[in-house]
Amino acid sequence: MNAPLPSGSQAEIRASNVTVRYGRKKAVDDVTMTVAPGSVYALLGRNGSGKSSLVRCFLGQLKPQQGHAELFGDDVWRHRTRLMERVGVVPEDPDAPPESRVKDLGWFSSKLYSRWQESAFTRRIDRFGISPAARFGELSKGQKKQVSLALALATSPEILILDDPTLGLDVVARKSLFEEVLGDMADRGITVLITTHDLAPVESIAERVGILKNGRLVLDEEVETLKNRFRRIRFTSQPMALEQANLVAATVRQWGTGTEAVISNYDDVAFARMRGEAHLPVADVAPMSLEEIFIAVAGEHPGAAS
């Protein structure tokens with residue numbers, strides 16, 4: 001079992017009015033967000049929404065034109081060398097010299113991180129069924145992700161940043177990956193920021209979710225609160241104007257001869273009262289998964305993004 005973090009350690013991730021431009025285009029537009037210490041935050045968005053640029057700011061790889069990104073209360077761009085020893089990273093596209101053997105990557109990392117745990121690295125590689133003698137270039141895409149995760153967790157990180165970690169993994173490997181992350185969270189209380197399009201498992205582990213759209217953070221909320229206020233409501237016929245019933249519709253579309261609306265301010269008691277007073281022709285009210293909410297807010301199935 002890993003040692004717990006030092007008492008009083010604040011493994012917080014924070015963006016304060018971060019803006020990133022590429023020429024005239026704003027990739028990240030005045031984003032402010034906080035990932036609380038010891039929590040899991042899922043950052044979602046379509047292709048081109050600004051996720052990668054924001055993650056690069058958190059890793060000190062990109063300097064915002066406005067605002068600043070912080071880890072542990074310090075500006076990442078100014079203190080990257082010192083801060084990154086406390087951060088584990090699983091990139092979207094793991095990269096290492098193709099001829100390097102897995103055990104050599106562990107040896108190299110052990111020279112860079114003062115809290116390196118060789119035994120933890122070896123155990124994970126064994127659980128993943130990867131030979132320490134295997135060359136990195138011969139591994140499948142999923143195995144490269146697993147090696148990257150083993151390397152990241154063996155550094156004893158206080159913050160773990162996962163950039164689409166399940167891309168290329170099968171169902172069993174995805175389950176194993178999340179179990180490894182959750183295990184370290186339970187042992188060490190690490191803070192996790194994850195970008196992903198694999199929303200089903202994230203829904204069960206993330207405490208908070210943010211959705212980027214065209215560079216702006218259009219949603220930043222606790223997962224359970226979010227799921228409680230979103231409902232899919234099907235009307236048997238064309239309803240009265242929804243706003244007259246104090247309902248805020250994220251999307252509205254035809255449903256057979258009726259209408260289907262995704263409501264973003266649902267409340268059981270208030271809705272029952274409004275339904276009776278306004279005689280809403282409701283056929284069905286259904287809760288929504290995080291993936292369904294994402295589609296309604298961002299406008300596209302997450303699997304189509306990258």
Side-chain angles (χ1 to χ4, degrees), residues 9-80 82-84 86-89 92 157-164 189-197 199 202-203 205-230 248 250 264-265 290 293-294 296-300 302 305:
S9 177
Q10 294 296 304
E12 182 180 71
I13 304 172
R14 181 187 297 271
S16 299
N17 305 110
V18 169
T19 296
V20 175
R21 296 186 183 89
Y22 299 107
R24 295 183 179 181
K25 176 179 174 55
K26 281 187 179 180
V28 181
D29 189 358
D30 195 33
V31 169
T32 294
M33 57 172 278
T34 298
V35 183
S39 70
V40 180
Y41 188 106
L43 183 64
L44 313 176
R46 293 171 57 182
N47 187 35
S49 64
K51 298 191 308 301
S52 295
S53 295
L54 187 55
V55 167
R56 290 178 65 199
C57 290
F58 286 133
L59 296 177
Q61 298 172 348
L62 182 65
K63 183 180 181 180
Q65 276 78 24
Q66 293 176 243
H68 57 276
E70 295 180 357
L71 300 179
F72 310 101
D74 286 336
D75 186 288
V76 188
W77 181 256
R78 295 176 59 191
H79 304 288
R80 182 178 189 273
R82 171 168 56 84
L83 295 175
M84 291 309 294
R86 303 165 68 186
V87 179
V89 181
E92 181 177 356
E158 296 167 57
I159 288 176
L160 181 64
I161 296 179
L162 305 163
D163 192 2
D164 213 357
I190 61 176
T191 304
V192 179
L193 172 64
I194 179 171
T195 73
T196 185
H197 303 124
L199 302 192
V202 166
E203 182 173 343
I205 68 170
E207 288 135 289
R208 196 170 185 90
V209 62
I211 295 180
L212 286 168
K213 187 174 184 178
N214 299 323
R216 297 192 66 84
L217 191 66
V218 297
L219 187 150
D220 181 12
E221 197 167 345
E222 291 185 358
V223 172
E224 288 308 310
T225 302
L226 180 67
K227 291 174 66 178
N228 285 338
R229 71 178 178 87
F230 267 83
V248 178
S264 63
N265 65 334
L290 179 57
I293 294 171
F294 175 86
V297 173
E300 182 176 273

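Note that the coordinates shown come from a computational prediction; the quantities given were computed from them, not determined experimentally.
Taking a 6.0 Å sphere around CG of Asn214, one finds it holds 12 or fewer heavy atoms contributed by other residues, nucleotides or ligands. When the shell of 6.0 Å around CD of Glu222 is examined, it contains 12 or fewer heavy atoms from other residues, nucleotides or ligands.
With Thr191 contributing its side chain and Gly38 its backbone, the two residues share a donor-acceptor pair below 3.5 Å. Of the possible donor and acceptor atoms, none in the side chain of Glu12 sits under 3.5 Å from a partner among the backbone N and O of Pro37. When atom types are taken as modelled, the side chain of Arg14 and the backbone of Thr34 share no donor-acceptor pair closer than 3.5 angstrom.
Checking each of Thr196, Ile194, Val55, Val89 against Leu162 for a side-chain contact (heavy atoms from CB on, under 4.5 Å) leaves exactly one that passes, namely Ile194.
Counting only N and O atoms by type, the side chains of Asp163 and Thr195 include a donor and acceptor under 3.5 Å apart.
Looking at residues two or more places apart in sequence or on another chain, you find a side chain to side chain contact (heavy atoms under 4.5 Å, CB included) between Lys227 and Glu203, Val223, Glu224, Ile293. Thr19 meets the side chain to side chain contact (heavy atoms under 4.5 Å, CB included) test with Arg21, Lys26, Asp30, Gln66; sequence neighbours excluded.
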* Asked: Step by step, would you call Leu71 with Arg86 a side-chain contact (heavy atoms from CB on, under 4.5 Å)?
  -> CA-CA 10 Å; Leu71 300 179; Arg86 303 165 68 186; over 6 Å; no
* Check the pair Asp164 / Lys51 against side-chain contact (heavy atoms from CB on, under 4.5 Å), numbers first and verdict last. => CA-CA 10 Å; Asp164 213 357; Lys51 298 191 308 301; over 6 Å; no
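Atoms CZ and NE2, from Arg78 and His68 in turn, are 10.0 Å apart once rounded to the nearest 0.5 Å.
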